[in-house]
**Q** 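A single structure is presented below for examination.
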Amino acid sequence: MKKFQSIKGTKDLLPEDTILWREVEMAIHNFMQLYGYGEIRTPVFEQTELFARGIGEGTDIVSKEMYSWIDQGGTNLTLKPELTAPVVRSYIQHNLSGKSPINRLYYIDSLFRRERPQKGRLRQFHQFGIEAIGSEYPEQDAEVISMAYKIYEMFGVDELVVKINSIGSPEIRQPYLQALRESLESHSDKLCKTCQSRLGKNALRLFDCKSESCKGVLDKFAVTIDTLLTEEDKKHFQSVLKYLDAMKIPYIHDIKLVRGLDYYTRTTFEIASRKLGAQDALCGGGRYDKLVEEFGGKPTPAIGFAAGIERLFIALDIDDTNKPLPLTDVYFVALGDEAVKVAFEIAEKLRLEKGIAVTVETLQRSMKAQMREANRNNAQFAFIIGDNEIAANKIIVKTMKSGEQQEVPIDKIDELFSTEHDCNCSDC
RNA sequence: GUGACUGUAGUUCAGUUGGUUAGAGCACCUGAUUGUGGUUCAGGAUGUCGUGGGUUCGAGUCCCAUCAGUCACCCCA
């Protein structure tokens, strides 16, 4: 018999995991609300062309990592590999610019890229992120970058490194690439093999090379982008840095920080943590002042970031020992079918009227086995009911922690919870 | 797409130069306690040794292929 298993690079989240995921998601929702950002949810798939034009045909994402197919109607569709393009599409489609000149949006979502899985990289993975659409001013950059920083601070992630750079307007991209190639042409023999091929097809990525000898060559000979920035670009960038200083956000101005997606302009940034291994970027983002126009909207400046949730978990050092326990308030130990009937009735009443989490035995197990289950479920109380108790119209209430137990008349059960009880649940 | 390493019970892992019936801790189940968990004690079940082929009298162990996982490259969150 064939055993099915989840697709390579995808993960099941079991109850022990989802408790934590929900906590993290709730924290993100609360955080975003504090900054006045509204949640946006877009469909899991879009027209392939949206990503091809938004992210860029030449990028690895579009050229080899997308899950794309032709549907029965002949439309070319793609599971979303990132969210800026869908959000911008939605922004234009629903005319959000007409409702307000500034739209602050955030999302928590699943993304799909067909890459070889490794630490901090999956084929279905999760990101949260924000898109602030409408402001060209540096204070918007500062707001977005500070939010990325503050949310990691809130989660208690340490060893944060914020890298920031300006890559200028799209107009200087081509001249810069040309200048970069020219500056390195005569030294290309000193570069590693991958860098030699990068020089031709993806020159900006040269700066990511980890080889010491390549770094040396680059430091010595490579033209950096700041030499081509316009006065306005420079002024904008300096203002962003000034705001960050004022907010006491530490950063490194990394003139080698470039981002892979075509739509970025001016400010780009990245937050990394040493905890993560080779894929050390927790989040990345930047300005994309031309994308709305590119998609047929009015010229509208924007900036955002995207943050990997799985990578956040790695940075948080979550393991089995600090995972929260599954919780219930009451485990109903029921002996015999009459007892089960009564237990169901009482359980339902407590759930509805008192908001108490009650689990009723459904395996007809021995009392010993049921008690063990109560313990495993981390129940605060075991309610024990059998023929004797039914005859006396009582149930036995055992406090698991102390081991004490008392008989309580069935019609007085809800009084146990009449005042604020010492609830087990994670919400209170 | 490329490379390295790893696949043995639910889980974490032992398993000698190839040798009979493949083990341990934890978890699970039963009992000690006829209706009382978490501690203790006694016992119990559990495996197509990832899969397929090959070498051999004999393969968990050696060889080949394949699949899966992990990490790294490329690239990205």
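Below, chains carry the letters A, B, ... as their sequence lines are ordered, and counting in each starts from 1.
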**Q** Under a 4.0 Å N-O cut-off, is there an ion pair linking A/Asp233 with A/Arg266?
**A** yes

**Q** Using 30° and 60° as the class limits, which term best fits the ring planes of A/Phe383 and A/Phe417: parallel, tilted or perpendicular?
**A** tilted

**Q** Should the side chain of A/Arg121 and the base of B/C71 be counted as holding a donor-acceptor pair, with the cut-off at 3.5 Å?
**A** no

**Q** Hey, what do you get for CD (A/Glu407) to CG (A/Asn393), rounding to the nearest 0.5 Å?
**A** 11.5 Å

**Q** May I ask you to say what A/Leu276 touches in the nucleic acid, namely base, sugar-phosphate or nothing, with a heavy-atom cut-off under 4.0 Å?
**A** nothing

**Q** Is the shortest distance from a Lys or Arg side-chain nitrogen in A/Asp219 or A/Lys256 to a carboxylate oxygen in the other one below 4.0 Å?
**A** yes

**Q** For A/Lys64 and for A/Lys8, find the nucleotide of RNA chain B with the closest heavy atom, then tell me which residue's nucleotide is more 5'.
**A** A/Lys8

**Q** Under 4.0 Å: is that the gap between some side-chain N or O of A/Arg376 and OP1 or OP2 of B/C29?
**A** yes

**Q** Identify, residue by residue, the members of residues 389-400 of chain A with a heavy atom below 4.0 Å from RNA chain B, and return them in order of residue number, or none.
**A** A/Glu389, A/Ile396, A/Lys398, A/Met400

**Q** Look at A/Lys11 together with A/Glu310 and state whether they make a salt bridge at an N to O cut-off of under 4.0 Å.
**A** no

**Q** When rounded to the nearest Å, what value does the distance between C1' atoms of B/G52 and B/A9 take?
**A** 23 Å

**Q** If you compare all heavy atoms of A/Phe305 against all heavy atoms of A/Tyr107, which two are closest, and at what distance to 0.1 Å?
**A** O-OH, 3.6 Å

**Q** Using only heavy-atom distances, decide whether a donor-acceptor pair under 3.5 angstrom links the side-chain of A/Gln405 to the base of B/U36.
**A** yes

**Q** Record whether the side chain of A/Arg113 comes under 3.5 Å of the base of B/A77 through a donor-acceptor pair of N or O atoms.
**A** yes

